[in-house]
Each structure stands twice: as structure tokens, then as C-alpha cells.
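Everything on this sheet refers to the single structure shown next.
These numbers come from a predicted model, not from an experiment. By convention in this document, chain letters (A, B, ...) are assigned in the order of the sequence lines, proteins followed by strands, and residues within each chain are numbered from 1.
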Amino acid sequence: MHQGDALRRCELGLLDFSNDFWCGMSSNTVITLAQFIKELDGFSSDAQAAFDSAQTAEDLENARVEYLGARQGRLKSLQKLLGGIDVEEKPAAGKKLNEVKTNVQQSFEVAVQRVAGGGATAVRDPLFDVTVPGQKFRIGKLHPITQTIEELKDIMGRLGFSSVDGPEVEDEWHNFEALNIPGDHPARDPLENFYVATSERNSERPSSEGPNQRLLRSQTSTVQIRVMERTQPPVRIISLGRVYRPDTADATHYPMFHQMEGLWVDRHVSLAHLKTVLKLFATSYLGESVPIRIRPSFFPFTEPSVEADYFWNGRWVEFGGAGIVDPNVLASVGYDPQIYSGFAFGLGVERLCMIRHKITDIRNLYTNDVRFLRQF
Amino acid sequence: MIVSRNWLSDFVKIQATDEELTQRLTMSGLNHESSEVVDDDLAIDLEVTSNRPDCLGHIGIAREIAALFGYDFAIPTPLIKETGSPIANQFQLRIEAPELCRRFTARLIRNVQVGPSPQWLIARLKTIGVPTINNIVDISNYVMFECGQPLHVFDFDKIHGGQIIVRDPKPEEELVAIDHRVYRLEPGMCVVADAERAIGLGGVMGGADTEVTDRTVNVLIEAAQFNSMAIRNTARKLNLHSAASYRFERPIDAHNIDWASRRCCELILQLAGGELAQNWLDVGSRPDEHPPIELRFDQIQRILGIDIDNEVATQILERLGFKNLQQSHSKISVSRPSWRNDVTREIDLIEEIGRVHGYAHVPDDIAVPMSASHRRTEDRILGKVRNALTAAGFDEAMTASLIPAGWSEAFSPWSNLQPLQTSQGMLGVLEKASHNVGVVKYLRRSLVPSLLEARRINEYKSNSEIELFEIAKVYLESEKELPWEPIKIGLVSQRDFFEVKGVIETLLRHLNWNGELDIMQCDFNLLDINQSCELRINGEILGWLGRVSESGKRTFGIRQHTIVAELDFGLLCNLATLIPLHTDVSLFPAISRDFNFIVQNRIHWSDLRAVVAEAAGSELESIEYKETFRDPQRDGSDKKRLLMSLVLRSKAGTLTGEQADQICREIVVSCQEKLAAELVA
């Protein structure tokens, strides 16, 4: 079997011809080794000259077909001559053929590079203007609030906080009671909240009486309660989403905005954990380590309550409210405050987003002028 | 709360610089807003959180400063001489509405000289930005800003019947207040009345009739304690907010009422002369007694994460006015000072110790245990949807959750139930041109109306390429206690119907769902009757797609061609595959065949496609729709040509030309039989 022979010879390192070559061999013309070598040398110098003189890709392709063409090329003809060489001399002839083939092939590759413009002799085509703009395709942009939220989720995710979601229409228990905001607290004033009722055709006033009224949540802390009600500690979560307060829209207020709320409850979670996590967060968000500080504040659902600031561009920037989860809140979800403790923090997404992108009017975020949206 | 540095110095000797002082106050809970030099004084503006009404007076802030810096602190006892006859013989007090007024006290001074206040008093009020009126009124203000207890001074001779009754309003009752406006009194408001009529709204504003004037000779000094909620509601209802109502909206120090009353009398006697009647009238409840609070020292470390020496902790509490009742190595029992109603529990004591000790001591570099967080499946899918839509050239919009009634009624494909509405509208969220559309108080049941408004705004601004999507919740009334809040994906586009349909189809492929959408007719006024459809998957509604009808465009003020779509994100989540499984690709070559069928106009592409797919069998790799072509002259006006391209491939071996031809023959026969489709030769 020819093929078998070829493989065996290849293994012996005698010949490096492709199987196709051996399979295709059929000529019986008798020729001496010396003649064969002379033919090969002639072929080699002709091919070299032809490749070197080619100026265009077309010239070169013509030369390639003439010398190296798979069907009618001169190399193909020379290969056929191999069949007429004495068996004893065949290995030497084959070796020489291989050398010539490799050299010519290399000359061709060099010529290809040169003609393609890689070489010093390439001539520039003045008609091809590379400064003409490319063909762009339209790609949309994500809203800057979404981009900020995704970044916050990403950072908090790396700090071990999983993102959870909760309803935007809440009941008073989750929005107030369970968060240690009793019925007489000013935050529960009807004018400070969007209470919700099914619209009644003939009644302009939705009924606002009755226990456990529904309202648009005024903070994402509601989700804390929902998660703790259905999970045992440890809890390490963030909730992100829309919240609502009836401020008239102006440059710095909008009746709808976004909050991120973080919560970590476990055994032995202290204010030091809070400060450390806020520091890690600020470092991740700002890309470098910045000083942070916490100072006392007041929120019904945390005790102690603090405001956190980070030092950025030469001043303290308010970061958000935080604190140790009030024992009343833990008790309201059935956690034992003697065993578990935890911290919570909340921050306004719009504020972060606006500082980050130097947006000066919050209403821009919700007008959806595409010239605004495409900037981010 | 603006405080005068000179005034503070009456109670505490401040050695710190202004900078040190305000910095320390900020870091212990009284956030420094700003300072301003006023003549030879400094006005320091401090933010007082709602839990610290004790800091709504100079004494409270001086006490805080003393505790922070370890300064001595003393409150002088007011010196008054009661030279007049006993008040009880001259006047009577009665509380008829104890739920509105806990306690009411009065002192009487006869023969005062009403006139201007002395310079020192005017200067201090000027520093804190309070205008001066006359010595009597100025003194009552001064004492309020000194100790936090609001006072009211009546012209004694204008009180009819020698008595004050604190009661509920009578029907239709009105009061002419000191601003000379008439207020209609409603239930829940605390009326201070004489024998005949209302002479004041307790804690909110006095009446014009009994106010102190230049002609006033005898004055009655009220120091009282009202119900915080009642004061808040009254002040809000009447839009009457004052320094007094602000303080009464918070708990006051009931033990301070007597001091405030005496202090007021002391200053009046000093500055306006007169004779103070013996004793005072004091009706209503006595201050509550509060149980001791116990602090276990080890809880400080547990909550704050730092060790604070027991002695340091004890000292801090004592400096803040807590009385050390009993102390051991492990715990301390204290009674709280009367001005600290906010401190009732161990955790509150821990906060006091922590904030005075300084949160700067709390480390920000402790070892935090690792925890595996996970990204929710919905968040991952949401990310893919956003990627696909931005890649398709859509910008992400964000619009308000509440919309006006007209928009709410214009399109509500997901629910026939009435929209939820809020107790008040969102103000300032509409562009000028949309001001006439009504109150923004309906929770939206679809994103499409908001996106059409965004579209209108952009059109109005002559913006080009208005391609928007939004992913947000809609709010649907449900049988449950809370509404249903499914997430929807809304699209608005200027492209043609099939381009937007293609975006939706591509989105589904991007989520690794390779099925076929079922396309159904739909009927919405908002949408064009022809160019609109319902999209279903396995019988479930994915959403709707359509061109906005002429009437829809009028409703939303849109001029140009617009396509809208809304998809259910929940269903997308159900059909998305986040981790697709590998299948071997066929190693064998494909054969492509084109078809050009003539069919009746009523035959839909989906009909033809289904027949072709069934006939082609398992060797069918793909069917690609090419175009619809009409040539009425050759085919008749009731017919059309549907061109398609098929790719056939076998998994088992190379498909031969003959095999492919056989499949094609079966396709043609099947289409002929089932749809009367003719193959164009």
C-alpha cells in the first residue's frame, strides 16, 4: 500500500511528503538523479525570479499558479519525475525535492508579504482614505441610575451581601410598625406618605381609615423586615429599589427615588463591623482608600444611629444613614436581641449617581431626553 | 437650632476654640451647619435630631458641651419674691381635655411696665435671629430659647370670668389669633378658653384679644404641657408653625415647667417690675416616674465593638445627668434625667456612652468574615435582557410609577381591574405641555403610557432616534392584601413593526429560548388594528406589540410613526436558560433549497411555515423567511408569493441530492394539499 509506505517512511524521517503526493504519483519516465537535481535548480531560480519581480497581488498569483499550482504547476510536474528515478536514488532525490520545495515556498511567502504592503517597497494607494469614519452601529445606553445600582450590587456582592427585592406597595406594619415607628410618629403623617387605595369612580377620596393601610414604601428598610420574618440569622442582604415621598419635584427632590439598604444580622455584629464594611464599600466605590467617619444621628429603627461620611476631594461627603438594628426591630421579627445583633445602612442612589456624573438637576434623570441618556 | 456663644457661657465656661467646639458637637450628635459672627457674639447653627428636644434650648446644649469637654456646669435658680396676694384667690384653672393637655400652670404678676427690652436681651435675641417686640413678649421668648419650655403671657385683664379652661373646641368655634387672622377650630385642637370664649390655641398660638400690648398692666404667665400629636396636627392643619409648636411637638421636660415659669417671672420682675402673686396654679398630671435602667458593661463591647472602661462609661453617664443608683463590676443601674425622655433602655445608654466617648475610637479595619453572596437568577436574566436591548440600539429610560388617569385608562393590557390610586398626587413631575392631563396619582398598570410621554418629549425637542426601553414594575390590584407587582419590559421605537418584532425574537434567542412565538390578534384602541398582535408562548401571554393608532397618537400628543411593545419579564425568566447544555453539531454538510409558493392572501406565513416544517421532518435545520411578493397580473389579486429558504441537514450522514429532492417533493405536495400552495417553477 502506497499510503502505508508513506506513513512508514515519514516515521523513519526519510521523507516528508504529504500522503496526497504519494497517492497521486503515477509517472514512469526514467531520469537520473543528476538530471533531476538540475531540473530542480532551474525551477528554483526561475520561481525565485518570478516571485521577486511580482509587483501586484495579481502578478504574484499568476507566478504561484505557474510554479506551485496544484494541478498544472511546474513543481507538480517535477514531482511526477520522481517516479522515474532509480529506487536506490529515490531517497536522495526526494530529499532534494523537499529542500527546493521548502525554499520556493518561503520565497513565495516573502513575496506575499511584500506585495501585501509589509515590505519597504510597497506603494501606497492614495485613493484609500483610512480617515473616513467607520460604519457605526447604534448601541443603546443603560440609564445612569441602573449603572449606579449595578455597581452597588456588584460591590456589595463582593462583600458578601446578596440582593433581595420586596414590594413597593407596602403595609404599615412593614413600613412603620416593625421598624419601630409607632402610630404617633410624624413620619406616619398622611401628608408625608402616598397612601394607596383602589380607585373608586365616584369618590375622589380614597379611604384612608382602617388598620394596616397600604402605602407606597417610603424606604427600602421594609425589605429587611420581610427577609427577617422568613429567614433565621445570619442575614446579609441589600435591597435596592424605588421609594416614594410626596416632595414636589425640583432640582434636588423627586417624589420617587431609589435607595439601597444593607443589613447584616448575626451573633456579634457590632458598630465596628458597620464601620469596616462602609470603609470597604467606599474604597471599592471610589477606587481608593478614603477616610470615613461616623457621627451620631437618629433613626427609629437603629440604636445607636449614625450618619456616615467619607472624605473626598478635600471635604466630608455625606454617605448615608446607618446604625445598629434597634432591639425592638429584631424583636418584632422574632429574633432574640440578646443573642443577635446587626447593623443596617441606607443610602440614596440618586445622590451617589449625581455626584458621580456631576448631574445637577435630579429631574434630568426622569425626563428621558435621549441626549441626556446617551451621555452615560 | 441657633445658639449664642455668649448665652451658652452663662451656664458653662467654654475653653475650647469655636472650631474645636463645633467639631466636637458634630461628632457627638449636634451636627454643625454653620456659624456667623453677630456683633460681639457668635451664632452657631446646630442640627438637633428629633430625639433630642432637650437640646432645643441653650441650657441643654450647654449641658451637652459640659459633658463632652468635662466642664463645670450650673443652672442658676431663679430668684423671685412673691409679694402679691395669693393667686388662688384671684384666678382659677381647669383642664377639661386631659388627652390634649397634660398639665397647665399659671403665675400672675400685677403692675408691670410694658416697654422695650434692655440692650443685652435684644442682642441675644438678635444673635439667634428672633425679632424683639416688647419686654414681656421678649422675655417669654428668651426663656423658651434658654430652657426649651414654651411659655405664653396673657393680658390678665382681658381674660373674662377670672378663669382659664382648657377644653375641646365647641361647634363652629373660631379664634382670632395674634396674627389677626380668623381660624376655624376643629376637634382635636386644644382650646385655651376663658369663661366665654377661646383665647388661644394651646401650644400653637395665642389669641389677639388677650395679647400683651403697651397698655397691659397685669400679666398671667402660662407654662403648660400639651399632647404632642395634637399640637402637630393643629399646627399642620392651620399651617401655623412656630418655635413653640415645634417644641411642643416633641416631649418636653415636665420637671422644667416650674423653673421656666419662675425664670420668666424673675426676668419680668427685673425688667418690667410688678408684684408677683403668691404661689402658682398647677393643674393636671404630675410628671411620670421612670424605672431605673440597667446597663451590663459587657454589652458595650458587644454593640460598639470597642472596650470602654467601666469607670469611663459611668463618668459619661453621670456627666450627662444620669444618677448612679447602684454599680457593680459587671453592671450599673441609673435613673435618667427628666430632660432625657429618649433614653429608656440599655441600648440607649450604650449609644450615650459611645457617642460621648467618640465613634472615632471604633475601628474601621476589623476582620470581617467572608460570606458567599449570590446573584439572583432574575438579576442575571435582567442583565441579559438589558444587554440585548442596548445592543439592539435602545436607550434605557426611567419614568415615574404614578401616572394621570387619562394615561392609565389609555392602555392597561394586563388587568381590567381599576388602578390603585394614591392619597395625594406627585407634584412637579410632568412637563409643562402635559400639565392638563390631570393629577399624577394612579399606579401604572403598564409602562407604555410613560414611554409614550417620554417619546413625546423627545419628539418635541426634535431629537432623532428615539428608541427607548424601560424595565419596571406595574401595579395590579389582586385578591391578596398587597397588589401584584410584576416586572414588565416596555419598548417604544420609530422603527417598523417587523424590526421591533425582530428585536423581541432576537431577545428570546439571546435568552437561549429557541421556540416559536404564537402570534394572535389583539384589539386595543391605542394600537393600529392591523399592525398589532398579542405574543404568546405555550398559551401564556408574553406581551403585545403594535403600531400606535392615530387616536393613540392624539391621546399622547405624538406626531410620528411609533411602535410600542410590552413584555412580561416573569415569563421570560421562566423560559430563559442561563446555562445551556451542549449538543453535538452535525459533522455532515448541509443542503440549501429555496421555495417560492403562490398562496391565497389569507394564508399566513405561520401557516405555511408550519406545513413546511412538518413535511420536512427531522432533516430540517432551519426555515428562513425571505419575502412576500405580489404580482396581481400574473397570480391574481387574491394571491401572494411567499419566498423562503430551507437548510436541510442530517445528523446521521451526508444528505444526498436525491434525498434532499425527495424531502422537497414532500414539502411541495404537502403545501399543495393543505394550503393549495403552488410552487413557482
Side-chain angles (χ1 to χ4, degrees), chain A residues 138-143 145-146 157 160-163 167-169 171 184 186 190-191 194-199 206 208 214 216 236 242 246 248-250 255-256 268 270-273 275-277 279 292-298 303-304 306 324 327 341 365-371 373-374, chain B residues 26-29 49-51 229 232 302-305 347-348 351 354-355 359 362-366 368 370-371 373-376 379 386 389-391 393-401 418-424 426-429 454 457-458 461 463 466 468 473 475 477 481-483 485:
Chain A
R138 189 185 148 72
I139 188 155
K141 295 289 190 73
L142 290 182
H143 196 278
I145 289 292
T146 299
F161 288 74
S162 296
S163 169
E168 290 177 23
V169 179
D171 53 38
D184 61 353
L191 292 172
F194 288 112
Y195 279 88
V196 168
T198 308
S199 89
S208 57
R214 299 183 297 182
L216 284 171
R236 200 149 144 180
R242 296 180 177 207
T248 301
D250 60 24
M256 174 186 93
H268 314 299
S270 73
L271 205 59
H273 289 84
K275 210 170 163 185
T276 300
V277 165
K279 167 95 172 176
I292 72 151
R293 69 177 189 187
I294 56 174
R295 53 191 165 81
S297 186
F298 174 68
E303 186 80 8
V306 299
I324 297 295
S341 57
L365 292 169
Y366 300 110
T367 305
N368 298 300
D369 186 322
V370 292
R371 292 168 300 172
L373 297 175
R374 281 180 206 146
Chain B
T26 292
M27 292 309 292
S28 60
T49 49
S50 62
N51 60 324
M229 271 287 267
R232 193 190 309 141
R302 175 173 172 253
I303 297 299
L304 302 181
I347 192 75
D348 303 325
E351 176 170 47
R355 71 177 184 88
Y359 290 147
V362 177
D364 60 14
D365 59 353
I366 64 164
V368 172
M370 301 251 291
S371 169
S373 65
H374 68 279
R375 212 173 150 215
R376 286 179 306 161
D379 278 348
R386 287 203 190 100
L389 292 177
T390 49
F394 285 82
D395 294 312
E396 189 186 17
M398 217 170 258
T399 58
S401 313
Q418 286 294 312
L420 295 153
Q421 62 169 301
T422 51
S423 48
Q424 54 186 320
M426 278 188 175
L427 301 177
V429 298
I457 291 168
N458 278 288
K461 295 182 175 181
N463 292 338
I466 309 157
L468 297 170
K473 289 177 171 180
Y475 311 86
E477 185 63 290
E481 280 175 25
L482 293 178
E485 300 180 8

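Interface remark: L216(A) contributes side-chain atoms only to the contact with chain B (heavy atom separation under 4.5 Å). If you measure heavy-atom distances from P186(A) to chain B, the contacts under 4.5 Å come from both the backbone and the side chain. Heavy-atom distances place the backbone of F161(A), and not its side chain, under 4.5 Å from chain B. The contact between R302(B) and chain A is made by backbone and side chain atoms together, counting heavy-atom distances below 4.5 Å. Of the two parts of I294(A), the backbone and the side chain both hold a non-hydrogen atom closer than 4.5 Å to a non-hydrogen atom of chain B. Heavy-atom distances place the side chain of Y475(B), and not its backbone, under 4.5 Å from chain A. There is no contact between H268(A) and chain B, counting heavy-atom distances below 4.5 Å. The contact between K275(A) and chain B is made by backbone and side chain atoms together, counting heavy-atom distances below 4.5 Å. Heavy atoms closer than 4.5 Å to chain B are found in both the backbone and the side chain of L142(A).
In terms of non-hydrogen atom pairs under 4.5 Å with chain A, the most contact-rich of I457(B), T399(B), L468(B) is T399(B). Of the listed residues (R232(B), K461(B), E481(B)), the one with the most heavy-atom contacts under 4.5 Å to chain A is R232(B). Between chain A and the residues S371(B), P483(B), A397(B), A391(B), the largest count of heavy-atom pairs under 4.5 Å involves S371(B). The candidate from I466(B), T49(B), I347(B) with the greatest count of non-hydrogen atom pairs under 4.5 Å with chain A is I347(B). For the set M398(B), R355(B), M27(B), the entry with the most heavy-atom pairs within less than 4.5 Å of chain A is M398(B).
With sequence neighbours excluded, the residues satisfying salt bridge (charged side-chain N to carboxylate O under 4.0 Å, His left out) with D348(B) are R345(B).
The backbone N or O of E168(A) sits less than 3.5 Å from a side-chain atom of E485(B), completing a donor-acceptor pair. With T367(A) contributing its side chain and D369(A) its backbone, the two residues share no donor-acceptor pair below 3.5 Å. Judged by distance alone, the side chain of H143(A) and the main-chain N or O of N368(A) form no donor-acceptor pair under 3.5 Å. Looking only at distances, a side-chain donor or acceptor of R138(A) sits under 3.5 Å from a matching main-chain atom of G393(B). Of the possible polar contacts, none joining the R214(A) side chain to the L482(B) backbone as a donor-acceptor pair under 3.5 Å is found. Side-chain atoms of T276(A) come within 3.5 Å of backbone N or O of I366(B) as a donor-acceptor pair.
Once rounded to the nearest 0.5 Å, the distance linking NZ of K279(A) with CG of D365(B) reads 8.0 Å.
Using a 4.0 Å cut-off between charged nitrogen and carboxylate oxygen, R386(B) and D379(B) do not count as a salt-bridge pair.
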